[in-house]
Amino acid sequence: MRMEPVRDGFFDRPTLELAQALLGMLLVCVTEEGAAAGRIVETEAYIGPEDRAAHSYGNRRTPRTEVMFGPPGRAYVYVMHTHSLFNVTSGKEGKPEAVLVRAVEPVLGLELMRARRGPVKRPYDLTNGPGKLTKALGITKADYGRPLTAPPLFIAQGRPAEAVACGPRIGIEGSGEARFYPWRFWEAGNPYVSGGRGAAARE
DNA sequence: AAGTGGATTGGCT
DNA sequence: GCCAATCCACTTG
């Protein structure tokens, strides 16, 4: 299986387009334990100063959001409760935008992912959520700021998504009107989409 | 120096 | 469906 990192130019496109372009792509993480990769099946766009749900709302520039103000195609990892969440930075230098990866479908390193995650009730529970996939792939805050065009953490070409659906983002109820923006994208029918019962249950 | 609040998950009622 | 777990960035005093 070929897993060549994408070129830097892959990330140079509007964030709503990048969020959809990432569907079907592979997220690859190499650690001392080995390599693991998942095919991205669900994403959410967070678009800079105007998006109340974004950490960079109002151009809020802090040590945490700093990477979003840099060039696109870097890892923005932050801790939410007990879990790490992984984003791809987007938007040109100075534009603090990002795409959250919410779910992947395991492609490589299945045993490693199982060992990291422990027992799960159903196969798709392994990577069907933003906190789950980082644990399965081995992504941590140490990856903050890494360019996604070379090991140990990178995006590679995968099997393109066949049908893309969109809808409101998850978990941002306190964000006013922004909660209704249809900036969540997923591959229709894919069981690894977050929500517990796979995409099929909501379509 | 202390308080607040999540872009979540998993277990229990 | 509800809620605790448990971390830390950020705000306020």
Side-chain angles (χ1 to χ4, degrees), chain A residues 15-16 18-20 22-23 27 29 38 40-70 72 74-91 95-106 113-145 148 153 165-186 191-199 201-202:
Chain A
T15 297
L16 288 177
L18 181 61
Q20 294 166 77
L22 282 168
L23 293 175
L27 176 57
C29 185
I40 297 171
V41 299
E42 183 180 2
T43 60
E44 283 179 357
Y46 286 88
I47 307 188
E50 311 299 319
D51 178 5
R52 192 167 153 193
H55 293 156
S56 52
Y57 176 64
N59 265 325
R60 228 159 70 104
R61 191 164 188 160
T62 68
R64 184 175 68 149
T65 63
E66 182 61 32
V67 71
M68 280 200 272
F69 288 83
R74 308 278 194 91
Y76 170 38
V77 182
Y78 70 95
V79 174
M80 172 46 124
H81 292 274
T82 55
H83 307 279
S84 297
L85 274 63
F86 169 80
N87 301 247
V88 178
T89 64
S90 181
K95 296 189 66 183
E97 310 181 359
V99 176
L100 170 69
V101 176
R102 286 194 58 87
V104 305
E105 167 188 340
M113 293 193 215
R114 284 185 179 139
R116 285 170 172 155
R117 287 276 293 133
V120 294
K121 289 196 174 94
R122 301 153 298 190
Y124 47 73
D125 288 330
L126 200 60
T127 54
N128 68 345
K132 299 176 189 176
L133 72 92
T134 55
K135 188 171 181 184
L137 294 175
I139 298 171
T140 71
K141 210 174 51 175
D143 295 306
Y144 181 95
L148 299 171
L153 183 62
C166 71
R169 293 170 293 179
I170 305 284
I172 55 164
E173 284 69 25
S175 302
E177 288 298 308
R179 65 185 292 189
F180 302 117
Y181 302 165
W183 290 353
R184 170 173 168 255
F185 303 92
W186 66 93
Y192 285 89
V193 171
S194 71
R197 282 180 286 283
R202 286 188 305 282

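Values below: all heavy atoms of this structure, side chains included; hydrogens, waters and symmetry mates excluded. From a predicted model like this one, the values you see are computed outputs, not experimental measurements.
Distance NZ (A:K121) to P (B:dT9): 14 Å, rounded to an integer number of Å. Between the CD1 atom of A:I170 and the P atom of B:dG6 there is a distance of 16 Å, given to the nearest Å. In this structure, CG of A:L126 is placed 10 Å from P of B:dG10, rounded to the nearest angstrom.
Among the heavy atoms of the strands lying under 4.0 Å from A:L100 is at least one base atom, whether or not backbone atoms are also near. Looking at heavy-atom distances under 4.0 Å, A:K135 makes no contact with the nucleic acid at all. Using a 4.0 Å heavy-atom criterion, one finds that A:R102 contacts the sugar-phosphate atoms exclusively. At the heavy-atom level, A:R117 lies under 4.0 Å from the strands shown only through sugar-phosphate atoms.
Among pairs with a residue in residues 78-87 of chain A, none fulfils side-chain hydrogen bond (donor to acceptor under 3.5 Å, both in side chains), at least two apart in sequence or across chains. Applying the salt bridge (Lys or Arg N to Asp or Glu O under 4.0 Å) test to residues at least two apart or on different chains, the pairs with a partner in residues 133-144 of chain A are A:D143-A:R146.
Under the side chain to side chain donor-acceptor pair (under 3.5 Å) criterion, A:E105 pairs with A:R39, A:N190, not counting sequence neighbours.
Of the residues listed (A:K95, A:Q20, A:E97), the one engaging A:T15 in a side chain to side chain donor-acceptor pair (under 3.5 Å) is A:E97, and it is the only one.
Taken residue by residue, residues 74-84 of chain A places heavy atoms nearer than 4.0 Å to DNA chain B at A:Y78, A:M80, A:H81, A:H83.
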Taking only nitrogen or oxygen atoms into account, show me every contact under 3.5 Å that the protein makes with nucleotides 2-5 of chain B, one pair per line with its distance.
none

Pairing string of DNA chain C (Watson-Crick or G-U wobble, both atom distances under 3.5 Å; | = paired to other strand) is |||||.||||||.
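Atoms CZ and CZ, on A:R74 and A:F69 in that order, are 14.5 Å from each other to the nearest 0.5 Å.
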